[in-house]
Amino acid sequence: MARRNSPPGRPPAPQAGPELGAFIGYLAYERGLSPRTREAYRTDLLAFARYLGAEPPAEPAWDCVSQADILGFLSDAKVRGQKERTRARRLAAIRAFFGYLRAEDRIAHNPSTTLQPPRKARTLPHVLTEAEMVRLLEIPADSTPEGLRDRAILELLYGCGLRVSELAGLTMEQLHFDEAFVRVRGKGNKTRIVPLGSRAESALRRYLTHARAAFAPAEAEAHVFLGARGAPIARQVVWRLLKAHCEAAGLPHAASPHWLRHSFATHLLEHDAPIRAIQEMLGHADIATTQVYTHLDAARLSQTVRRCHPRATP
């Protein structure tokens, strides 16, 4: 693919194109990455786009990018004296970006698949304890349409392990109350069936019966969760309402929607759910992705032994 080198020291473009913009939104509202990390990824990917010959907000044809293009970009950075840590971060940004494009079926081939970043300690996912989840779920008020909606949202995120994009895109036809399940449309438009627990079902029924009409949806609006003007709720709104409820619950941290998904999987595992069943409900294509929760559970067990066992410490 044709490319040209961007001059050293050139500031990043002020605006990303549509694919990069969607990816940065995904990092914020799906992955829950900090503004600093998102800005670093945005800067790295804009630099890569310029290296490939595109001047942001224009973007290169991502489906035509090869592994040689990525290696050339990293090699060029090394020649320019860029630190190894920065180059590793740039590779991480590129791998995450192409993984996202492939999962969304926006490219046919991921050129970064076989490029391995330096080995580092694996970061365990953030989770809330069961007690913290109880406190959080009790915060939304039953006396207002917003409270009924928010409680249904939190119950589904935690009770079904949904991604925030899956929840925001949920339509009425995906709800199957008679069979007590939700048909979820996930990454790459793949569908999966997730059981609907009694508390999630109850919260959802109360919202649909007593609150949804208050958001003045258009007659043909099929989405379950709505915002203030009757349009489908935005991921950003889910993020903000969760932050507000975490603060009201007195939690020491503001959880992202993905924390509730992690909590769903971790609490199932702690109560002896089979790892394969958790994999299916989360929609993970690879069991290795789900197995991170076994490491998390092992870490908690180790902490318990060290704290409680009489011979755990000298």
Side-chain angles (χ1 to χ4, degrees), residues 25 28-30 32 126-178 180-185 194-268 281:
Y29 302 113
E30 293 267 7
H126 296 287
V127 299
L128 298 176
T129 66
E130 292 185 48
E132 287 174 330
M133 280 305 316
V134 169
R135 283 161 53 194
L136 176 60
L137 293 170
E138 290 178 348
I139 290 299
D142 287 341
S143 57
T144 66
E146 290 78 10
L148 288 169
R149 179 200 63 186
D150 292 1
R151 178 165 293 197
I153 284 174
L154 298 182
E155 288 282 5
L156 276 179
L157 286 174
Y158 172 60
C160 296
L162 301 187
R163 300 178 178 94
V164 65
S165 59
E166 294 168 348
L167 179 130
L170 196 67
T171 62
M172 300 295 287
E173 67 176 10
Q174 292 173 254
L175 305 178
H176 298 265
F177 287 118
D178 290 343
F181 71 82
V182 179
R183 188 178 297 276
V184 181
R185 191 172 297 114
V194 181
L196 187 62
S198 59
R199 299 205 176 194
E201 179 182 348
S202 176
L204 189 53
R205 284 185 182 274
R206 290 200 306 273
Y207 159 70
L208 294 174
T209 302
H210 302 294
R212 186 175 181 273
F215 293 95
E219 185 176 344
E221 180 53 65
H223 286 81
V224 174
F225 293 108
L226 308 173
R229 298 181 181 179
I233 198 167
R235 292 176 299 174
Q236 297 92 321
V237 173
V238 177
W239 181 279
R240 288 197 296 268
L241 69 85
L242 177 56
K243 180 179 179 182
H245 293 318
C246 283
E247 292 175 354
L251 298 184
H253 35 242
S256 77
H258 224 61
W259 283 32
L260 273 61
R261 178 172 160 88
H262 292 321
S263 302
F264 162 82
T266 302
H267 297 166
L268 279 174
M281 287 186 283

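We use all heavy atoms of the structure for the numbers below, so side chains are in, but hydrogens, waters and symmetry mates are not. Everything quoted here is computed from the prediction, not taken from an experiment.
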Student: How long is the gap from OG on Ser165 to CG on Leu170, to the nearest 0.5 Å?
Tutor: 11.0 Å
Student: Mind checking the CD-CD spacing from Glu166 to Glu30? Nearest 0.5 Å is all I need.
Tutor: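 Atom-to-atom, Glu166:CD and Glu30:CD are 7.0 Å apart.
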Student: Work out which heavy atom in Trp259 is nearest to a heavy atom in Ala255; give both atom names and the distance.
Tutor: CE3-CB, 3.5 Å
Student: Any side-chain to backbone donor/acceptor pair from His267 onto Leu128? Under 3.5 Å, distance only.
Tutor: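 Yes; judged by distance alone, with no hydrogens or angles, the pair exists.
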Student: Please report the shortest heavy-atom distance between His176 and Glu173, naming the atom on each side.
Tutor: NE2-O, 3.5 Å
Student: Can you see which heavy atom on Cys160 is nearest to which on Val194, and at what distance?
Tutor: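 Between these two residues, the closest heavy atoms are O-CG1, 3.4 Å.
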Student: Taking salt bridge (charged side-chain N to carboxylate O under 4.0 Å, His left out) as the test, write out the residues that go with Arg135, two or more places apart.
Tutor: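 Listed in chain order: nothing, the list is empty.
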Student: Contact between Arg151 and Tyr207 at the side-chain level, heavy atoms closer than 4.5 Å - yes or no?
Tutor: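 Contact flag for Arg151/Tyr207 side chains = no.
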Student: Hey, are Thr171 and Gln174 close enough side-chain-wise for a donor-acceptor pair under 3.5 Å?
Tutor: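 Yes.
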Student: Do Leu260 and Phe264 come close enough that some side-chain heavy atom pair is under 4.5 Å?
Tutor: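 Side chain of Leu260 against side chain of Phe264, heavy atoms only: no contact under 4.5 Å found.
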Student: Side chains of Trp239 and Val164: closer than 4.5 Å at any heavy-atom pair?
Tutor: no
Student: Could you go through residues 138-150 and list every donor-acceptor pair under 3.5 Å that involves a side-chain atom there, pairing it with any protein atom two or more places apart or in another chain?
Tutor:
{"unit_1": "Thr144", "atom_1": "OG1", "unit_2": "Gly147", "atom_2": "N", "d": "2.9"}
{"unit_1": "Arg149", "atom_1": "NH1", "unit_2": "Leu226", "atom_2": "O", "d": "3.0"}
{"unit_1": "Asp150", "atom_1": "OD2", "unit_2": "His245", "atom_2": "NE2", "d": "2.9"}

Student: Starting at CG of Leu136, measure out to SG of Cys246 and round the result to the nearest 0.5 Å.
Tutor: 5.0 Å
Student: Between Phe225 and Leu156, is there a side-chain heavy-atom distance shorter than 4.5 Å?
Tutor: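 A side-chain contact under 4.5 Å exists here.
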Student: Hey, could you give me the CE/CG distance between Met281 and Leu162, rounded to the nearest 0.5 Å?
Tutor: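 Going from CE on Met281 over to CG on Leu162, the span is 11.5 Å.
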Student: Are the side chain of Ser202 and the backbone of Ser198 linked by a donor-acceptor contact shorter than 3.5 Å?
Tutor: no
Student: I need the Arg261 CZ to Arg163 CZ distance, nearest 0.5 Å.
Tutor: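 The CZ atom of Arg261 sits 4.0 Å away from the CZ atom of Arg163.
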Student: Roughly how far, to the nearest 0.5 Å, is the OG1 atom of Thr129 from the CG atom of Leu251?
Tutor: 8.0 Å
Student: List the steps and the verdict of side chain to side chain contact (heavy atoms under 4.5 Å, CB included) for Arg199 and Leu137.
Tutor: CA-CA 10 Å; Arg199 299 205 176 194; Leu137 293 170; over 6 Å; no
Student: Answer yes or no: is there a side-chain heavy-atom contact under 4.5 Å between Tyr29 and Val237?
Tutor: no
Student: Is the shortest heavy-atom distance from the side chain of Val224 to the side chain of Met172 under 4.5 Å?
Tutor: yes
